[in-house]
There are 2 protein chains.
Amino acid sequence: MEKVDGRLVRGDQTRRAVLRRAVDIASVDGLEGLSIGRLATDLGISKSGLFAHFGSKEELQLATIRAARRIYADAVVMPALEVEPGLARVRKLGECWLDYSRRRIFPGGCFFQKVSHEYAARGGAVHEALVVVHREWMDLMENVVREAVDRGELDADPAQLAFDLNAYYEAANLASILHGDESGYDQASRSIRVRLESAGR
Amino acid sequence: MEKVDGRLVRGDQTRRAVLRRAVDIASVDGLEGLSIGRLATDLGISKSGLFAHFGSKEELQLATIRAARRIYADAVVMPALEVEPGLARVRKLGECWLDYSRRRIFPGGCFFQKVSHEYAARGGAVHEALVVVHREWMDLMENVVREAVDRGELDADPAQLAFDLNAYYEAANLASILHGDESGYDQASRSIRVRLESAGR
DNA sequence: AATCTATACGAACGGTCGTATTATTAGTTT
DNA sequence: AAACTAATAATACGACCGTTCGTATAGATT
């Protein structure tokens, strides 16, 4: 069996293909609506072969969350971290987020907003994984804001400002998917701008 | 057959009981997770008898949305409309909303936030019904804000302020359900207060 | 008393779900 | 070339899904 970097290539490629499709499906139909049979049919492989890669549906769901997290990190977080810390990075993070939603990196809009609502009121490993990701994201936003505060570019409670900004993002994402128009993004952009200006010193 | 107000009593009571349970289930597991068999078992009635009341799962889902809308109107909208129009009503609407979420009128938090995300990226009658309800709600908020603007108690674009306030509500609701703590409500209250103060004249 | 209709029931349908077991293929190693 | 192993496939299972059907009951109408 061909190996690269100690990983088996054939199976790993299949895994990647499965997860790439899985995140798209889950962003539209949720992690519950993500069914193994449908996934296998879509990819033209056998249900049992696909199943063998994960061992259980829950493990597939957790792997899908990890895959989505990587895509999210690449699309939203990394580009913002390339900008110098401070207010500029805060702005960039917002632009990246709205672009990430608008450009439908996931066809159903923000993957995590979708599945977080799906599992918010349930128990289990999937819920716990989503709690961790949400906590990570809010901490990241808070830290990015704090850098701007520490530099004297903003005067605000980092947690509070992060809460507000995140609220705008999510409201825009839902409005866009639900109504199929772009007006939510404009409203969010304006809210972000006003909010940052009022916190500017 | 006994009649009251032209309605058949026996069947209507069953319908009500079904829908009362249905909204609770759907707020946790979604309108897709709402299964007829489980609903019937929970209520101690037969699956086929329950099914006969609605004729299809989609019709049950639509009826569940209408039932939830009534509960929402009673818990959130009506109490706010008892306050005089203007800034006081804007504030009251916010308090009612956060209370509605905090007190778990639906055990899974806001019913409409849950199922709107569930059906946001899908087609069909359920999606359309949820679009209408969302539009109704945003229009209501906008009008309540506009009354305050017309009275000179606020200086703001009603649609923009409604967008922001709604964003705070939903962010608080999700944070509360996902993490099981109340801190999101405090953050939302503070954001609402600050936002209204900055729009005060 | 006879008829009609609303309501509810049990049983069954074809499908799909997640999962387990067993077999087959393909690629590497010896 | 043979042996081994990872990857995929074939098949089957029981549980549950939404839905349909035929039937029983009970209250209302005539």
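Each chain gets a letter, A, B and so on, in the order its sequence line appears, and its residues count up from 1.
L39(A) comes within 4.0 angstrom of no nucleic acid atom, judged by non-hydrogen atoms across all strands. Within 4.0 Å of L34(B), counting heavy atoms only, lie sugar-phosphate atoms of the nucleic acid but no base atom. A52(B) comes within 4.0 angstrom of no nucleic acid atom, judged by non-hydrogen atoms across all strands.
Distances shown here put a side-chain N or O of S35(A) below 4.0 Å from the OP1 or OP2 atom of dC17(C). For dT11(D), the OP1/OP2 oxygens have no side-chain nitrogen or oxygen of S48(A) closer than 4.0 Å.
A donor and an acceptor atom sit less than 3.5 Å apart, one in the side chain of K47(A) and one in the base of dG18(C).
Between R16(B) atom CZ and dT7(C) atom C1' there is a gap of 17 Å when expressed in whole angstrom units. Going from atom NZ of K57(B) over to atom P of dT16(C) covers 15 Å, rounded to whole Å. Rounded to an integer number of Å, the gap from F51(A) CZ to dA7(D) C1' is 15 Å. For the pair E59(A) CD and dT19(C) P, the computed distance is 11 Å after rounding to whole Å. One can place CG of L50(A) at 17 Å from C1' of dT11(D), the figure rounded to the nearest angstrom. Atom CD of E58(A) is separated from atom C1' of dC17(C) by 16 Å (rounded to the nearest Å). For the pair H53(A) NE2 and dA9(D) C1', the computed distance is 11 Å after rounding to whole Å. If you take CD of E32(B) and P of dT16(C), they are 15 Å apart, rounded to a whole angstrom.
The environment of R69(B) atom CZ is sparse: at most 12 non-hydrogen atoms of other residues, nucleotides or ligands sit within 6.0 angstrom. The number of heavy-atom neighbours closer than 6.0 Å to CZ of R102(A), taken from other residues, nucleotides and ligands shown, is above 12. Taking a 6.0 Å sphere around CZ of R104(B), one finds it holds more than 12 heavy atoms contributed by other residues, nucleotides or ligands.
Among dT8(D), dC9(C), dC17(D), the nucleotide with an atom closest to any side-chain atom of I45(B) is dC9(C). When distances run from any side-chain atom of I36(A) to the nucleotides dG18(D), dT19(C), dC9(C), the shortest one goes to dT19(C).
For the atom pair CD1 of I65(A) and CG of L19(A), the computed distance is 11.5 Å after rounding to the nearest 0.5 Å.
Between Y72(A) and F112(A), the distance from one ring center to the other falls under 6.0 angstrom.
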